[in-house]
Asker: 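Have a look at this one.
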Amino acid sequence: MKSRKTINHQCVVSLTWTLKDTLGEVLDVLDEPVEFLVGGQDLLAKIEDTLQGHGVGDSIDVHLEPHDAFGDYDDQLLFLEPRHLFPDDIEEGMGFEGLPAGCSAQAPKDRLYFVSDIYPDHVVLDANHPLAGIALRVSLKVHAVREAELEEVGRGTLGTGFFRMPSTDPSADADNGDAPSPTLH
């Protein structure tokens, strides 16, 4: 009898999920399986820990407090910047990688900023992850498990990080620089 492949450190797992807040509101759904590198930078540590030992067909529910996910909301990551430094067609919710020249020198250069408010003379930018400060419930389903290839382990990512955003932590993975997608994956 063949034993089933289980998730371990440095393997590739194919997942779908439903992400909800603690009130049960659905925040994101991944219907089609996507591969993630376990033991790299693709998944949050608590999700990786919870997946260990599970295999194809398993469904797992994970509760993530803010410190397990995207941290507490930090009001020091809000910046009021001159409106004229941004495009005319700027809208609330738009994302920018870094800030244009002339913006606050205290603003970290390697963050993704979201426009939270637009005023005639100023724009409020928020460098917090959109899910910062929120406890989350994640329902995962494992669709496939395979050994990671040496090249994948060397890169530390398959490029499909779980809600990752740039941070000032040099060990964190980098975003592709595009404006955020309407979903979180």
Side-chain angles (χ1 to χ4, degrees), residues 15 17-23 25-30 34-49 62-138 152 154-185:
L15 301 171
W17 67 65
T18 299
L19 176 73
K20 298 178 181 180
D21 64 16
T22 54
L23 298 176
E25 181 180 337
V26 175
L27 302 174
D28 189 53
V29 176
L30 178 62
V34 173
E35 287 188 330
F36 298 92
L37 178 66
V38 176
Q41 302 167 1
D42 288 351
L43 296 167
L44 298 169
K46 185 161 183 183
I47 289 176
E48 281 198 4
D49 292 345
V62 184
H63 172 80
L64 300 171
E65 288 297 328
H67 65 272
D68 295 322
F70 306 104
D72 291 321
Y73 190 84
D74 182 354
D75 61 5
Q76 297 297 308
L77 292 175
L78 289 175
F79 298 92
L80 185 65
E81 302 296 341
R83 171 67 182 89
H84 72 274
L85 296 175
F86 296 88
D88 290 340
D89 62 349
I90 193 171
E91 295 178 7
E92 288 182 15
M94 286 179 81
F96 293 89
E97 186 174 354
L99 297 177
C103 287
S104 175
Q106 294 89 327
K109 304 293 182 230
D110 61 348
R111 297 293 294 227
L112 187 60
Y113 292 84
F114 292 95
V115 177
S116 64
D117 293 290
I118 302 170
Y119 298 100
D121 296 326
H122 294 90
V123 174
V124 179
L125 298 170
D126 188 346
N128 285 287
H129 188 284
L131 298 176
I134 299 175
L136 303 169
R137 305 274 192 276
V138 186
E152 293 168 332
R155 278 194 321 260
T157 181
L158 297 180
T160 53
F162 186 91
F163 311 122
R164 294 290 187 179
M165 287 181 52
S167 75
T168 53
D169 177 359
S171 67
D173 60 333
D175 194 296
N176 65 12
D178 294 338
S181 68
T183 59
L184 300 169
H185 48 270

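Atom set for the values below is all heavy atoms of this structure, side chains included, hydrogens, waters and symmetry mates excluded.
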Asker: So, the side chain of R83 versus the backbone of D88: is there a donor-acceptor pair under 3.5 Å, distance only?
Answerer: yes
Asker: What is the distance from atom CG of N128 to atom CG of L112, rounded to the nearest 0.5 Å?
Answerer: 11.5 Å
Asker: With a 4.5 Å cut-off on side-chain heavy atoms, are V115 and E91 touching?
Answerer: no
Asker: To the nearest 0.5 angstrom, please state how far the CD atom of E35 sits from the CG atom of L15.
Answerer: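 Those atoms lie 9.5 Å apart.
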Asker: Within this structure, what is the NZ-CD distance for the pair K109 and E97, rounded to the nearest 0.5 Å?
Answerer: 13.0 Å
Asker: Return the minimal non-hydrogen interatomic distance between T22 and A135, and the atom names on each side.
Answerer: CG2-CB, 3.5 Å
Asker: Any non-hydrogen side-chain atom of Y113 less than 4.5 Å from a side-chain atom of V123?
Answerer: no
Asker: Quick one: closest heavy-atom pair of A101 and L85, and the distance?
Answerer: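 Nearest heavy atoms, A101 then L85: O-CD2, 3.6 Å.
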Asker: Would you call the rings of F36 and W17 parallel, tilted or perpendicular if under 30° counts as parallel and over 60° as perpendicular?
Answerer: tilted
Asker: With no hydrogens and no angle check, is any side-chain donor or acceptor of D42 less than 3.5 Å from a backbone partner on L158?
Answerer: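 Confirmed, D42 side chain pairs with L158 backbone.
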Asker: If every non-hydrogen atom of F86 is compared with every non-hydrogen atom of C103, which pair is closest and at what distance?
Answerer: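 Shortest heavy-atom contact: CZ-SG, 4.0 Å.
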Asker: Compare all side-chain heavy atoms of F114 with those of P130 and state whether any distance is below 4.5 angstrom.
Answerer: yes
Asker: Please determine whether side chain to side chain contact (heavy atoms under 4.5 Å, CB included) holds for the pair L136 and L19, giving the CA-CA distance in whole Å, both sets of side-chain angles, and the decisive distance to 0.1 Å.
Answerer: CA-CA 7 Å; L136 303 169; L19 176 73; 3.8 Å; yes
Asker: Find out whether F70 and L64 are in side-chain contact, i.e. whether some heavy atom of one side chain is under 4.5 Å from a heavy atom of the other.
Answerer: no
Asker: To check you understand the geometry: which heavy-atom pair defines the closest contact between E152 and L37, and what is its length?
Answerer: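 The answer is O-CD2, 3.5 Å.
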Asker: Quick one, E92 and D117 - any side-chain contact, counting heavy atoms below 4.5 Å?
Answerer: yes
Asker: Can you find a heavy atom in the side chain of L44 that is under 4.5 Å from one in the side chain of V62?
Answerer: no
Asker: Please report the interatomic distance CG(D72) to CD1(I134), rounded to the nearest 0.5 Å.
Answerer: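 So the gap between those two atoms works out to 11.5 Å.
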Asker: Side chain of E48, backbone of G39: donor and acceptor closer than 3.5 Å?
Answerer: yes
Asker: So with a 6.0 Å cut-off around NZ of K46, is the heavy-atom count from everything else above 12?
Answerer: yes
Asker: Going from CG on L27 to CG on D21, what distance comes out if it is rounded to the nearest 0.5 angstrom?
Answerer: 5.0 Å
Asker: If you define the side chain from C-beta out and look only at heavy atoms, does anything of L43 sit under 4.5 Å from V38?
Answerer: yes
Asker: Is there side-chain contact between R111 and L77, with at least one heavy-atom pair below 4.5 Å?
Answerer: yes
